[in-house]
Structure formats: structure tokens, C-alpha cells
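Worksheet: the structure to be examined is printed underneath.
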Number of protein chains: 2
Amino acid sequence: MIILGVDPGLTRCGVGVIEAGEGRRLSFIHVDVIRSDPHASQDLRLLAIYDGLVAKMDRFVPDAVSIERVFAQENRNTVLGTAQAAGLAMLAAAQRGIPVALHTPTEAKMAITGNGTAQKIQVERMVMRILRLNAMPTPPDAADALAQAICHALRPAGALQGGEREEHLTEAQRQWALAEQRRRGRRRINGDRGM
Amino acid sequence: MIILGVDPGLTRCGVGVIEAGEGRRLSFIHVDVIRSDPHASQDLRLLAIYDGLVAKMDRFVPDAVSIERVFAQENRNTVLGTAQAAGLAMLAAAQRGIPVALHTPTEAKMAITGNGTAQKIQVERMVMRILRLNAMPTPPDAADALAQAICHALRPAGALQGGEREEHLTEAQRQWALAEQRRRGRRRINGDRGM
């Protein structure tokens, strides 16, 4: 199973790709940072990030895309651009029928180090260890994107994150799952005829 | 000149289309609200909004897209979804080479009523008057999208908004304008050789 992790950003958008094999053995595949020109207009910047994400998804054809969840209370200067970059990653995945998962930075740190408040250096060391790397792949600040991918691979089985859909479904099964999701959303306990 | 205004939102995204003729005579063309299912996952909701915006842009082929500027200090529960919807509108426009303008709600109210703190009903009445309508087009809550489009048509000549590019340029001219924009962004006052 190929997992593509995204550390969203408008100026620098980290992408990390890993493979989760049998027994949750994880292997490093790729890491990169997609950049946009801070002096370009916002629409062209978003287009650059989107095109970069699309190129990665079409190159590595991931089975899941794991994106860092953005919170409104974060740094006000950049939070909207970060949210927009995360939105573009979700759009690109949805256009390709790739399931999307959102994990908070705390969830990623917890999954990787066992400590939700771990320091960046601790996370980086564990990322190296888990992926059996001799050094952090460059660019080093894409470690968060790899951490997102690892977090998704190591998440408790059956744990469905917000935005995540059931994986490996036929179109008919997906439609059914979507209807089921709606039904649950409406908090109904009747049968399908109640919809 | 066809202007497509967007009142961004993840649950309801307003779209208003007007034509600005000679002497700034404005005519109503279209108004609608693109919806996404609040019970669907966020990636599918973003895809629905994006597909809806793309359909409108491809149907009306606007010369400019005017989007309400989103601020981080707004309602925390919805601001990220609103910012993401605005980002999708910018992306769809950039993919089609359509210039993008961002106007704040205050700018729109000021342009339409002369009062940046006008009430919603005052804005709606002026939208009807400017577009020579006998009633507010339905759905009524898309008035903000029409107001965005009107604001862009009535903006002071030569006023370049953030995210807006010069209109009606050849590709070479556009590249030059972009380089010029970068140069200005770097706050240089030297000639082109200074870049």
C-alpha cells in the first residue's frame, strides 16, 4: 500500500511517499517540497501547488493520501494559505478517487514517537529509524510529510479519520458507503426507508 | 465584459454573473448557489464545489472572477472551509487564464451603497436597482455573489486588487506584467537589469 503524506503550505508544501508492506513494514519511496513564488498572485500560487500535488499523485498513484489537519486558531498570517493548500490536496485526491485521511500534528507525533508533544528532532529521528534511513532525506523540512504518511500507516486498525473513506471499494460499494455515511450523519436508527 | 462573482462557502457557494457594458451599464445574467452535502467527507464536498464552479466558468466564460476576500479572524467554525472554497475558485480561474480579483465585504458594500457598513437589505435593494431587477433573483442569499461582481465592475479604474492581474493581455504581455509584479514585490526601484 502506497501512502502519500502532505504537510500543506502555500509557500512550501511537503510531500512524503512511503510503502506499507506486510506486518506494517514501512519503506521510504520519495520526499519533496512543492514551492510557489511568494511574489506571484495568490491564484497562480495555488495553481502551482495544485499542479505539483497532481504530478506527485499521478507519479506515485497512492492508495491513500494523508494530510495534516489545519486548525483555525493557528498563526493567522498563514493559516488560510495552509488551509487552501490542504484543500487542493483533498481536491486532487478526490478527483482521482483516492481515499483521504486527516491527522493532526499531535496524532502524527503520538503515532511515531508515542508522545503527542514530541520535539521536531525526536520525530525526525523516529522517521529515520522507522524507514531505516541513514540520514533524513532532503529537503529536511519535508519530514512532517513523511510523518503524516507514517502516522496513517500506523494508525489503529479500523480507525476512520474525518474525511477518510473506506478503501478498496467498487463504485457501487462506495455509493452505498456514502449513503450509509449520510444516514449515520442524520443520526437515524431506522432502516434505509427512513432516508 | 462578463464578470463572475463568488461568495465562497463549503456548504453554500454563491455565484453571480453580470455583464458590464459601455458606460458601466450593468446587466444581470445569472445567479445560483452551489451546494455540497454537509454529511459527505470534506474531500468530496470540495470536489462538488470545485466541479460546480468549473461548470459556471465554462458556461459563462467570464473575463474576470471576483471573489470575496476571507479573513482569518472570522467565525472559526467555518472560516477554513470558506477559505478553501475561495481557493478552489481561484484555482479554477487560474487554470482558465481568467484574471482574479479579491474584494472585502466592506469594499463591496462601499462600491454598491456608498456605505461600507450597509445592512444586507440595503445592499440587496441597490443590487436590484443597479441591475434593473423587479425582484431579487433567487436564491436570495446569492445576492453577495452579485454584489462581488458589481463591486468589481464599479471599482475605481486602474485599481489593482490583490490577486488580480492585468486583463486582456497577450501571453508575452502577461509574462512581462508578472515580472513587473515580482519586481514591485521586491520593492526595487532599479530597471529590469536589477532583477
Side-chain angles (χ1 to χ4, degrees), chain A residues 10 37-51 65 67 69-102 160-166 174 177-179 181-187, chain B residues 8 10 37-51 65 67 69-102 160-165 174 177-179 181-187:
Chain A
L10 187 54
D37 180 353
H39 301 301
S41 60
Q42 197 179 351
D43 55 330
L44 293 181
R45 298 185 69 186
L46 290 168
L47 180 60
I49 296 295
Y50 173 80
D51 285 347
V65 171
I67 307 167
R69 192 185 286 276
V70 183
F71 292 100
Q73 58 268 37
E74 285 175 19
N75 184 339
R76 285 184 177 178
N77 289 332
T78 60
V79 67
L80 295 188
T82 305
Q84 287 173 334
L88 298 183
M90 282 186 248
L91 173 69
Q95 287 173 322
R96 284 155 185 77
I98 305 169
V100 170
L102 302 174
L160 269 180
Q161 304 294 330
E164 185 177 18
R165 303 196 297 284
E166 294 289 346
R174 175 171 292 173
L178 201 64
Q181 191 181 337
R182 278 201 204 95
R183 196 180 62 79
R184 272 185 274 130
R186 288 176 189 163
R187 301 180 191 287
Chain B
L10 186 55
D37 180 353
H39 302 301
S41 60
Q42 198 179 351
D43 56 331
L44 293 182
R45 298 185 69 186
L46 291 168
L47 180 60
I49 296 295
Y50 173 81
D51 285 347
V65 170
I67 307 168
R69 192 185 286 277
V70 182
F71 293 100
Q73 59 267 36
E74 286 174 19
N75 184 340
R76 285 184 177 177
N77 289 332
T78 60
V79 67
L80 296 187
T82 305
Q84 288 173 334
L88 298 183
M90 284 186 247
L91 173 70
Q95 287 173 320
R96 284 154 185 77
I98 305 170
V100 170
L102 303 174
L160 270 181
Q161 304 293 333
E164 185 178 19
R165 303 196 297 283
R174 175 172 289 175
L178 202 64
Q181 188 182 339
R182 280 201 203 94
R183 195 180 62 79
R184 272 185 273 129
R186 287 173 189 166
R187 300 182 191 287

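Per chain, numbering begins at 1; letters A, B, ... match sequence-line order.
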Rounded to the nearest 0.5 Å, how far apart are [atom1] of [X] and [atom2] of [Y]?
X       : Y       : atom1 : atom2 : answer
B:Asp51 : A:Leu91 : CG    : CG    : 7.5 Å
B:Asp43 : A:Ile98 : CG    : CD1   : 10.5 Å
A:Gln84 : B:Leu46 : CD    : CG    : 11.0 Å

Is any side-chain heavy atom of B:Leu44 less than 4.5 Å from a side-chain heavy atom of A:Val100? no
Best-contacting candidate, B:Leu47, B:Val65, B:Ile67, B:Leu88, against chain A by heavy atom pairs under 4.5 angstrom: B:Leu47
